[in-house]
Participant: 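Right, I'll just put the structure down here and ask away after.
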Amino acid sequence: MYVRGTVADEVDVRSVSTSYGESELAEVPLRVADDGIEPPGDATPTLGDGGTAAITDGDETTTVTLWNKWTESAELLEPGMELLVTNAKEEEYQGETQYATTGDSYVVVEPSFLVSVTSIRNWVECPRLYYLNKLSGVPLNYPVVKGTLVHEVFGDLLRGRDLEESIEARIEERGLQLGLLGETPDAVAEDVRENATAIEGWLEQGRLTEDDNWRSEQLLISETFGIRGRADAIRRGAPVELKTGKNLKKEPRFKDKVQAACYALLLEEHGGDVDTGTLLYTKNSALDRNEETGDLTPAKDFSMGDGLLKYVVRLRNEIAAMEMSGDIPTGYEADAKCEYCFEQDACMVVSGRLDQESKAGQIGQPLPEAEREYFERFYRAIEEERHEVHREYAKLWEQSAEERADDDRALIDLEFVEKRPLEGSRWELRARREGGATSKLREGDLVLASDGHPVRGDSELARIERLDDEIVLTADEPVEVTRLDVYPSELTTDRLLVAMHDALLKGDERRKDILFGRSEPEFEAIDETFIDNNERQNEAVTKAVGAQDCALIHGPPGTGKTYTIAQAIRAMVERGERVLLSAFTNRAVDNALEATLEQLENVIDTDRVVRVGSESGVREDMESHRLERAGDPDDRVAKLQNAQVVAATTATCGSRVMKEQAFDVALVDEAAQLTEPGTCAAINLAERFVLVGDHEQLPPVVRAENDLTESLFERLVDLYPDAGVMLDRQYRMNQRIQAFASTEFYDGQLRPATPSVAGRTLDDLEGVSSEALPATLQDPVTFVGVEGDRSRYTDSEEAARIADLIEAYEAAGLEHSEIGVIAPFRAQVSEISKHVPDDVAVDTVDRFQGSSQEVIIVSFTATDTLEGPIFEDYRRINVALTRPKRALVLVGDAQALASDPVYERMLAWARR
DNA sequence: CCTCTGCGGAGAGGA
């Protein structure tokens, strides 16, 4: 039987005398949900749909007694934390039903917080090591890259690939990294071969027989233990861990055992019964020495007792509890000796600078208080984001397949078509979906591909190669795919944390003076005209070029931001500077890059403009500039080092490869959509920075409400008005259209760049005659009142009216491709899509940002009131209303719109 | 109450 619930009160641990002698116990008051208790005989949680329901008020409070070692986990408990006890027994006490741990119980603190196996492995060595790893990441270094290569070759061997072929191919794939490390393919091959031969020899020692039943690289997630990880290999159901290092002792290292034990727990939940683990220390090897040394083969088998598995769960509980409480580990939690630790210096510096308690001691002066306060604030905010990612994981088993599909987080009920082995030991999987099924999944995404359930079934990490009615995936292992789930990745949060750490602990002092408002940005006087027909654009380029620290370019809709950026980069390149061009989205990076390439055409060889990013992220027409990772090391590294302009998303700027690069200037576009740490990822790489954006348009997308919602751009614009320039002439909208946005969001400063822009109408378009339009649509801005169907996120009446409007425009000679429809909700987007022709662009506000259209129709999808966060953020209407060039139609319920002052003014303007 | 893009996954090792 298992018991799951929320800790209702403080927990005391005490000693009692029992018939077995002195024992420790903790009585945990637990608020248990209706289905938080499973009937006896069920050792594991129900594997049916639904899982454990949320705890509600009417739930019962009971007492769960945790015995002996589990009291260590009890000490970690605080009211409000989730607790899960497996194999509990039911007891009657004073007429009340209570529960207690048995010899077979596991106690799991905050089970929905998924701890990675690596975290547990680091933590057991020293909790501080775990923390440092999270904070500063692992830089590019050869031993780590080599280790990864050996693992890849190991996987290939298990999948039957030829050794030499595998080594060559895997080294080729890592050309760029190896080049940056100054390694040659031959030397690396020699190194890898040494380890790999040991593996191969061991495999050939008759151990790889038909019934050995191997599987390599399996991603495992445990909803019971709250652990996830990827096992190197599984042999006859037991974990095999590969180590590239040396171990001449008889026993495996303790942390390695712990790692294997984690996989054993994960396998146990997947129906296994594991009592041994194998560690493969491939540097030990030299099989020829086998006879002299007796048992010095690379493999060390060890038996995994119950005690070890439970110990691992307690370790995991320590991490979960610490992460929930937000505490910082000191290192005293562990017995590890700091003097032998590789991270001792880093540890002391971090604790010294951040004034943290640390077993290793502190080095250096603490950062100023404002910086420490900043660190703590953002650390907390980023960790909250991480928790949201963990909650996404929990939904993998808390939600039913149908719920996930409704949430667009999964494609379900796929028809498995085939699995086909590919060259290089990967597999191609194909499945078919019913037409019309939508999801957040896109080509290039990493997904959980499963034969029915992403956690409980056979499941594998796969990449979407093609996403049509037939879906094509690639994966390391074959899975008979019938379902795909969004894979919740912590990568972005990891990189945000590291970027913030680098900005504060590695950033130069001058830069920090700017970030912390201690010093005004300075500018070199530049006596040059860059753009002669737009004063503000020219001023912006002048500021960008002359900035000693930073410049801020505020670009409202249609004001030629991208062109200004391209001009600024051109001027910088002409001065011989190395420039980083970055933005949050791939789309924005490619847009800016395209404009930049135009400007640089006759300035430098455009081979020296390099786009760093994944194949699926980079726009097709920029592919020729994309830096392929694979190839000859010297060649790859030369291409990057010689690049004078490098373009990459901010997330990529946080990658190990990009962190090796240095620039004179970082230019960040769409900077108002970036969190502060996100911006830091880019500007950390350069001496000076230029941020370009518009804080009156959409803010950063974050999962949790916290300090990440304000961009660095916005903060600095407020802090240093003199460092900024606002572009004030727009080249997009008819004057009538721009009027509202100008007064409402830009103090009336936004104006048409030329009389012809101001006077733009549909009649300018070839074959269009506005006379053919109904009288109500003659004005460039129109309001169309619709009562609405009173549903929450959709409105079929609005959708129907919009279809009529499109017909009217079509009759007047407009092409479908010249019309765009914007709605606040995705549900309404798909509702409208049903009513209008396929080639009319229908999308959410968020996705329309950055583009424009001749005609824009906005569906407000609100009846009676405007409640809801989507309407409260006025920046969203600013974006919606500034997309059209020649005509704007607002469709909605006038009464609802009039209930909010801003919307009411909008209504007045539209109805004029 | 909603909007939703990134990312070589996770883990690789040094005594």
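Every value quoted in this text rests on a predicted model; they were computed, and no experiment measured them. Sequence lines set the chain letters: A, B, ... in the order given, protein chains first and strands last, and positions in each chain run from 1.
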Participant: Ignoring hydrogens and angles, tell me if any N or O in the side chain of A:Glu798 forms a donor-acceptor pair with the backbone of A:Thr861 under 3.5 Å.
Facilitator: yes
Participant: Taking any heavy-atom pair under 4.0 Å as a contact, classify A:Arg409: base, sugar-phosphate, or nothing.
Facilitator: nothing
Participant: Between A:Val144 and A:Ala827, which residue's closest nucleotide on DNA chain B lies nearer the 5′ terminus?
Facilitator: A:Ala827
Participant: Any base atoms under 4.0 Å from A:Tyr130, or only sugar-phosphate, or nothing? Heavy atoms, all strands.
Facilitator: nothing
Participant: Quick one: label A:Thr844 by what it contacts on the DNA or RNA (base, sugar-phosphate, nothing), any heavy atom closer than 4.0 Å.
Facilitator: sugar-phosphate
Participant: Looking at A:Gln344, does any N or O in its side chain come under 4.0 Å of the phosphate oxygens OP1/OP2 on B:dG14?
Facilitator: no
Participant: Using only heavy-atom distances, decide whether a donor-acceptor pair under 3.5 angstrom links the side-chain of A:Arg587 to the base of B:dT5.
Facilitator: no
Participant: Considering only side-chain heavy atoms of A:Tyr793, which listed nucleotide, B:dC7, B:dC4, B:dC1, is closest?
Facilitator: B:dC1
Participant: Of the nucleotides B:dG13, B:dT3, B:dG6, which one has an atom closest to the side chain of A:Arg442?
Facilitator: B:dG6
Participant: Between B:dC4 and B:dG8, how many Å separate the two P atoms, rounded to a whole number?
Facilitator: 23 Å
Participant: Please check the phosphate of B:dG11 (OP1 and OP2 only) for any side-chain N or O of A:Asn122 closer than 4.0 Å.
Facilitator: no
Participant: Counting any heavy atom closer than 4.0 Å, what does A:Val138 reach on the DNA or RNA strands: base, sugar-phosphate only, or nothing?
Facilitator: base
Participant: Rounded to whole angstrom, note down the P distance from B:dG11 over to B:dA15.
Facilitator: 23 Å
Participant: Using whole Å, report how far CD of A:Glu443 lies from P of B:dT5.
Facilitator: 15 Å
Participant: From C-beta outward on A:Pro143, which listed nucleotide comes closest to its side chain: B:dT3, B:dG13, B:dG6?
Facilitator: B:dG13
Participant: From the set B:dG13, B:dT3, B:dG9, return the single nucleotide nearest to any side-chain atom of A:Asp846.
Facilitator: B:dT3
Participant: When all nucleic acid strands are considered with a 4.0 Å heavy-atom cut-off, which category describes A:Thr652: base, sugar-phosphate, or nothing?
Facilitator: sugar-phosphate
Participant: Quick one: sort the A:His695 and A:Phe713 rings into parallel, tilted or perpendicular, breaks at 30° and 60°.
Facilitator: tilted
Participant: Given B:dC4, B:dG8, B:dA12, identify the nucleotide with an atom nearest to the side chain of A:Val701.
Facilitator: B:dC4
Participant: Only one of A:Asp843, A:Leu698, A:Thr844 forms a side chain to side chain contact (heavy atoms under 4.5 Å, CB included) with A:Gln849, so which one is it?
Facilitator: A:Leu698
Participant: Does A:Thr649 make a side-chain N or O approach to OP1 or OP2 of B:dC7 shorter than 4.0 Å?
Facilitator: yes
Participant: Assuming nearest nucleotide by heavy-atom distance, tell me which of A:Ala648 and A:Arg656 is located more 5' along DNA chain B.
Facilitator: A:Ala648
Participant: Can any side-chain N or O of A:Ser136 pair as donor or acceptor with the backbone N or O of A:Leu132 at less than 3.5 Å?
Facilitator: yes
Participant: Under a plain distance cut-off of 3.5 Å, with no hydrogens placed, do A:Ser116 and A:Arg228 share a side-chain donor-acceptor pair?
Facilitator: no
Participant: Output the single nucleotide from B:dG13, B:dG9, B:dT5 whose closest atom is nearest the side chain of A:Arg426.
Facilitator: B:dG9
Participant: Between B:dG6 and A:Thr492, counting only base atoms on the nucleotide and side-chain atoms on the residue, is there a donor-acceptor pair under 3.5 Å?
Facilitator: yes
Participant: Answer with yes or no whether A:Arg629 presents, from its side chain, a donor or acceptor under 3.5 Å of a partner atom in the base of B:dG8.
Facilitator: yes
